[in-house]
2 protein chains.
Amino acid sequence: MVTTLTPSTQDYLEVILQLSNGDRAVRITDIAKSLNITKASATQAIDILIDEGLVLKEKYGPVTFTGKGELEATKVKKTHKIIREFLTKVLQVDLEIADKDACLIEHVISPQSIAGMVAFLEKGNYEISDDLNLQKALVLLYSDQEDKQ
Amino acid sequence: MVTTLTPSTQDYLEVILQLSNGDRAVRITDIAKSLNITKASATQAIDILIDEGLVLKEKYGPVTFTGKGELEATKVKKTHKIIREFLTKVLQVDLEIADKDACLIEHVISPQSIAGMVAFLEKGNYEISDDLNLQKALVLLYSDQEDKQ
DNA sequence: AAAATATGTTAGGCTTCCCTAACATATTTA
DNA sequence: TAAATATGTTAGGGAAGCCTAACATATTTT
């Protein structure tokens with residue numbers, strides 16, 4: 001089964017990895033709080049992750065990863081980190097905004113684009129220039145509505 | 001009403017703009033074909049766009065933009081173009097993949113990150129270097145699962 | 001240990017966005 | 001112009017992912 005994980009599933013995995021922090025027991029309540037959803041929704045979602053062989057859980061017990069689940073969670077986390085770093089270091093986006101963008105982009109971006117970011121970051125010789133006038137670019141961005149293609 | 005447009009709505013606007021190409025009549029059938037959905041789904045979606053004041057349409061007639069709809073469509077298109085150009089020119093992603101990524105990222109990325117891309121592209125002095133070894137980066141990307149944070 | 005609180009589950013419902021099937025209208029072709 | 005085809009609509013349904021309300025179990029506090 002080559003199940004492609006949905007954005008929702010990836011978010012759950014990411015939060016579980018975050019909360020486990022190596023070894024801590026991960027509870028439904030904590031997952032729900034982290035994702036700003038109800039416990040009922042978390043329970044239901046975790047049932048799906050169990051069906052997909054990504055996590056394990058006994059009734060009323062904590063959530064733990066399977067090998068597959070931990071691998072997937074780590075991939076998502078890594079992708080998130082690359083995007084966040086690229087946005088902050090190369091495009092000089094504020095950390096908070098970069099992190100939110102990464103949260104969403106991580107679910108849809110191609111491996112090739114991620115690879116491009118990695119290669120760019122590793123190259124290292126992008127100068128951190130203050131002539132990236134973001135404020136100006138932002139203001140002008142959608143003001144010239146008439147330009148072509 | 002400060003309606004935030006959903007990704008789906010933005011996709012419809014983008015396709016309608018594409019199909020209209022200035023002045024051509026845009027038909028439900030063409031929208032459905034472009035988005036790979038059924039005509040029934042297109043009809044239903046267009047009804048929603050009408051409710052939101054983004055397009056106009058009479059029974060059995062063609063779809064046309066309102067001012068608001070055309071403005072929104074143009075914004076989405078512009079965002080798409082910026083992302084695609086950034087991915088191809090700066091990160092050297094293949095055009096086809098860059099275009100697909102742009103299709104998805106355009107719905108979730110912040111104005112600040114877009115502004116960062118614009119500023120970067122306008123700066124123009126990113127060298128188009130062949131030491132962005134994408135293939136290598138791609139292979140290595142998810143292979144070192146044990147590294148921290 | 002009984003009561004209070006925290007945690008987890010179940011059932012039923014809602015919205016979005018897609019679907020199929022059946023039907024209605026418009027246009028083209030013979 | 002009648003038949004065939006293309007186009008558009010309507011009705012009903014389904015999966016995903018959330019919700020509330022009610023209930024069940026576990027844990028903590030008194």
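Here the structure is a predicted model, which means the values were calculated and not measured. In what follows, chains carry the letters A, B, and so on, assigned in the order in which the sequence lines appear, proteins first and then strands, with residues in each chain numbered from 1.
Between atom CD of residue A/Q44 and atom CD1 of residue A/I37 there is a gap of 9.5 Å, rounded to the nearest 0.5 Å.
When heavy atoms are screened at a 4.0 angstrom cut-off, B/N36 is found touching the sugar-phosphate backbone but no base atom. The residue A/K33 sits apart from the nucleic acid: no heavy atom pair falls under 4.0 Å.
Counting heavy atoms from C-beta on, the side chains of B/I109 and B/M117 come closer than 4.5 Å.
On the nucleic acid side, DNA chain C has its first and last nucleotide under 4.0 Å of a heavy atom of chain A at C/dT7 to C/dT10, going 5' to 3'.
The stretch residues 39-49 of chain B comes close to DNA chain C through B/A40, B/S41, B/Q44, each having a heavy atom under 4.0 Å from the strand.
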Q: Check step by step if side chain to side chain contact (heavy atoms under 4.5 Å, CB included) holds for A/T66 and A/L71.
A: CA-CA 9 Å; A/T66 62; A/L71 185 69; over 6 Å; no
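Both A/I28 and A/L35 are members of a single hydrophobic cluster when ILVMFWY side chains are connected at heavy-atom separations under 4.5 Å.
Between A/S8 and D/dA16 there is no side-chain N or O to OP1 or OP2 distance below 4.0 Å.
For the pair B/P62 and A/Y60, nearest-nucleotide mapping onto DNA chain D gives the more 5' position to B/P62.
Note: CG (A/L5) to P (D/dG17) measures 11 Å, nearest angstrom.
Around CD of B/E85, the count of heavy atoms belonging to other residues, nucleotides or ligands within 6.0 Å exceeds 12.
Of the listed residues (A/I46, A/D11, A/L54), just one forms a side chain to side chain contact (heavy atoms under 4.5 Å, CB included) with A/I16, and that residue is A/I46.
Each side-chain hydrogen bond (donor to acceptor under 3.5 Å, both in side chains) pair with one or both residues in residues 20-35 of chain A, not counting sequence neighbours, would appear here, but there are none.
Between the side chain of B/K123 and the backbone N or O of B/V118 there is no donor-acceptor pair closer than 3.5 Å.
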